[in-house]
A.B. asks: 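Pasting a structure below so you can have a look.
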Amino acid sequence: MTEDAVVDVPDRDLLTIGAFAARARLSAKALRLYDRLGLLSPAFVDEATGYRYYRAAQVERARLVAMLRQLDMPLARIAEVVEADDGPGAAELLGAYWADVEARVAGQRTLAEYLRGRLSGRSSEMYRKFAIETVDVPEQVVITEKRHTLADELPAWIGAALGRLEEAARECGGVTGVPYVAYHAEVSMESDGPAEACVPVADEAAARAWAERHGRVWATSVRVEPARRLAYTRITKAQVAHPQIMAAFEAVEEWMAGEGLTATGPCRELYFADWAATGPEDPACDVAFPVG
């Protein structure tokens, strides 16, 4: 006997899995999967046979689940959409998911273009778009916050960490230089750094007292940065995004090699602009290496 066999069920409006699958334009196999995943449960399961039965009213949900799966939506988010109390709420959830997809695809498209340039031997052509300069930075007292982080968490952490440090700088005589993030090792989807957010401040004694109070909570510290010469290129807010920023770092490295210079410290990003008020094409960040 198959699940489509006629058996006694408590409600004659129930449909066998085969009949329901035909109405929903899905396979019985797909319906069993949706049941197993908790996305669409049968209205009735015969305890003796294990056969599944559905109501006609479940057809729309079955079709919705199938279409959402075609969007590669994670199961947890599918559950949120189909369980939404109203149509507009479900539409907003779908809109938020698709915005995430488009942002990810845009990033992947940019990365693919960058990699095509590298693989086709056009790296030097890309690097020539960046103007490299040097600047001498005096000795600075900096308060810092260090964290191991992967690339997808990095932007949010940078904003939060620099915000905390700039707030703390009020207790340390005020900000005296451009806030920056130093990279002590690679930060990518496979490597977690660490990265170190740094804010120059005026009062070393006050800074050390602040770090003593907060060091255990935020992995903060204080140090005196020696005077340095930086080789840098200035980039826009849009170029800060990966992988454009990789090309900027590589352009500086290529220029350094051509000038016979070597890095004397970790590479860094100096954030000199008001990030919230800066437009995509406005200068926002210097990508730099200490050199000697």
Side-chain angles (χ1 to χ4, degrees), residues 106-107 109-140 142 144 146 149 151 154-155 157-159 161-162 165 175-189 191 193-200 223-275 277-292:
R109 183 184 302 112
T110 304
L111 177 57
E113 292 171 356
Y114 165 77
L115 291 173
R116 277 201 299 268
R118 291 193 62 174
L119 294 171
S120 63
R122 293 189 290 107
S123 295
S124 294
E125 178 183 325
M126 292 191 297
Y127 299 158
R128 283 196 292 271
K129 298 177 182 179
F130 299 95
I132 315 301
E133 300 182 52
T134 61
V135 62
D136 291 316
V137 180
E139 179 181 275
Q140 296 177 316
V142 295
T144 79
K146 187 180 289 188
T149 178
L154 184 64
W157 175 77
I158 288 175
L162 289 180
L165 292 172
V175 177
T176 58
V178 177
Y180 63 93
V181 176
Y183 295 95
H184 296 275
E186 181 183 0
V187 174
S188 66
M189 293 307 296
S191 177
E196 184 180 34
C198 305
V199 172
R223 70 168 178 273
V224 178
E225 278 276 290
R228 296 181 183 273
R229 172 163 290 185
L230 300 179
Y232 74 95
T233 186
R234 182 153 292 182
I235 60 176
T236 66
K237 183 176 182 178
Q239 289 173 315
V240 171
H242 186 276
Q244 293 95 316
I245 198 166
M246 291 171 55
F249 275 115
E250 291 167 2
V252 178
E253 288 181 300
E254 183 181 74
W255 180 88
M256 288 164 52
E259 296 292 318
L261 298 171
T262 58
T264 59
C267 61
R268 58 196 62 194
E269 298 162 5
L270 295 93
Y271 291 95
F272 57 81
D274 181 342
W275 189 259
T278 301
E281 301 308 315
D282 294 331
C285 175
D286 289 337
V287 166
F289 286 82
V291 294

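Quick caveat, the model's predicted, so the values are computed rather than measured.
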A.B. asks: Under the side chain to side chain contact (heavy atoms under 4.5 Å, CB included) rule, collect the residues that match up with P179, sequence neighbours excluded.
C.D. replies: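 Expected list: L162, E166, V199.
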A.B. asks: Go through the steps to decide whether T134 and W255 satisfy the test side chain to side chain contact (heavy atoms under 4.5 Å, CB included), and finish with yes or no.
C.D. replies: CA-CA 11 Å; T134 61; W255 180 88; 3.6 Å; yes
A.B. asks: Does anything in residues 257-268 form a salt bridge (charged side-chain N to carboxylate O under 4.0 Å, His left out)? List the pairs, not counting sequence neighbours.
C.D. replies: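 Listed once each, the pairs are E225-R268.
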A.B. asks: Tell me every residue that passes side chain to side chain donor-acceptor pair (under 3.5 Å) with D136, counting only those two or more places apart in sequence or in another chain.
C.D. replies: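 If we apply the side chain to side chain donor-acceptor pair (under 3.5 Å) test to D136, skipping adjacent residues, the hits are R229.
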A.B. asks: Report the residues that fulfil ring-ring contact (aromatic ring centres under 6.0 Å, His included) with F130, sequence neighbours left out, ordered by chain and then residue number.
C.D. replies: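 Partners of F130 by the ring-ring contact (aromatic ring centres under 6.0 Å, His included) criterion come out as none, since no residue qualifies.
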A.B. asks: Taking all atoms of both residues into account, what is the closest heavy-atom pair of P155 and A151, and its distance?
C.D. replies: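 Nearest heavy atoms, P155 then A151: CD-O, 3.4 Å.
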A.B. asks: Determine whether a donor-acceptor pair (N or O, by modelled atom type, separation under 3.5 Å) exists between the side chain of K237 and the backbone of W275.
C.D. replies: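 Side chain of K237 to backbone of W275, a donor-acceptor pair under 3.5 Å: yes, one is there.
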A.B. asks: Give every residue pair that meets the salt bridge (charged side-chain N to carboxylate O under 4.0 Å, His left out) criterion with at least one member in residues 278-292, sequence neighbours excluded.
C.D. replies: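 Checked against salt bridge (charged side-chain N to carboxylate O under 4.0 Å, His left out) - neighbours excluded - the pairs reaching residues 278-292 are R234-D286.
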A.B. asks: W157: what forms a side chain to side chain donor-acceptor pair (under 3.5 Å) with it, not counting sequence neighbours?
C.D. replies: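 Here the qualifying residues are E145.
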A.B. asks: Which residues pass the side chain to side chain contact (heavy atoms under 4.5 Å, CB included) test with A263, not counting sequence neighbours?
C.D. replies: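 Side chain to side chain contact (heavy atoms under 4.5 Å, CB included) list for A263, sorted by chain: M256, F289.
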A.B. asks: When you measure from the side chain of E254 to the backbone N and O of A251, does any donor-acceptor pair fall under 3.5 Å?
C.D. replies: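 Flag not set: sc E254 to bb A251 has no pair under 3.5 Å.
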A.B. asks: I need the full list of salt bridge (charged side-chain N to carboxylate O under 4.0 Å, His left out) pairs touching residues 238-247, with sequence neighbours left out, sorted by first then second residue.
C.D. replies: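 Those involving residues 238-247 do not exist here.
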A.B. asks: Check the side chains of E269 and Y180 for a donor-acceptor pair under 3.5 angstrom, ignoring hydrogens and angles.
C.D. replies: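 Their side chains do not contain a donor-acceptor pair, so the 3.5 Å distance test is not met.
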A.B. asks: Under the 3.5 angstrom rule, does the side chain of T144 hit a backbone N or O of E196 as a donor-acceptor pair?
C.D. replies: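 Not confirmed, T144 side chain does not pair with E196 backbone.
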A.B. asks: Which residues pass the side chain to side chain donor-acceptor pair (under 3.5 Å) test with Q140, sequence neighbours left out?
C.D. replies: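 Q140 satisfies side chain to side chain donor-acceptor pair (under 3.5 Å) with no other residue.
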A.B. asks: Could I get the full list of side chain to side chain contact (heavy atoms under 4.5 Å, CB included) partners for T262, not counting sequence neighbours?
C.D. replies: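 With neighbours one apart ignored, the set is empty.
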A.B. asks: What closest approach, in Å, do V252 and V287 show between heavy atoms, and which atom pair accounts for it?
C.D. replies: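 Result for this residue pair: CG2-O, 3.9 Å.
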A.B. asks: Ignoring hydrogens and geometry, is there a side-chain-to-backbone donor-acceptor pair from T278 to D274 under 3.5 Å?
C.D. replies: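 Checking the backbone N and O of D274 against the side chain of T278, a donor-acceptor pair under 3.5 Å is found.
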A.B. asks: Would Q239 and I245 count as a side chain to side chain contact (heavy atoms under 4.5 Å, CB included) if you check the C-alpha gap in whole Å, the side-chain angles of each, and the deciding distance to 0.1 Å?
C.D. replies: CA-CA 6 Å; Q239 289 173 315; I245 198 166; over 6 Å; no
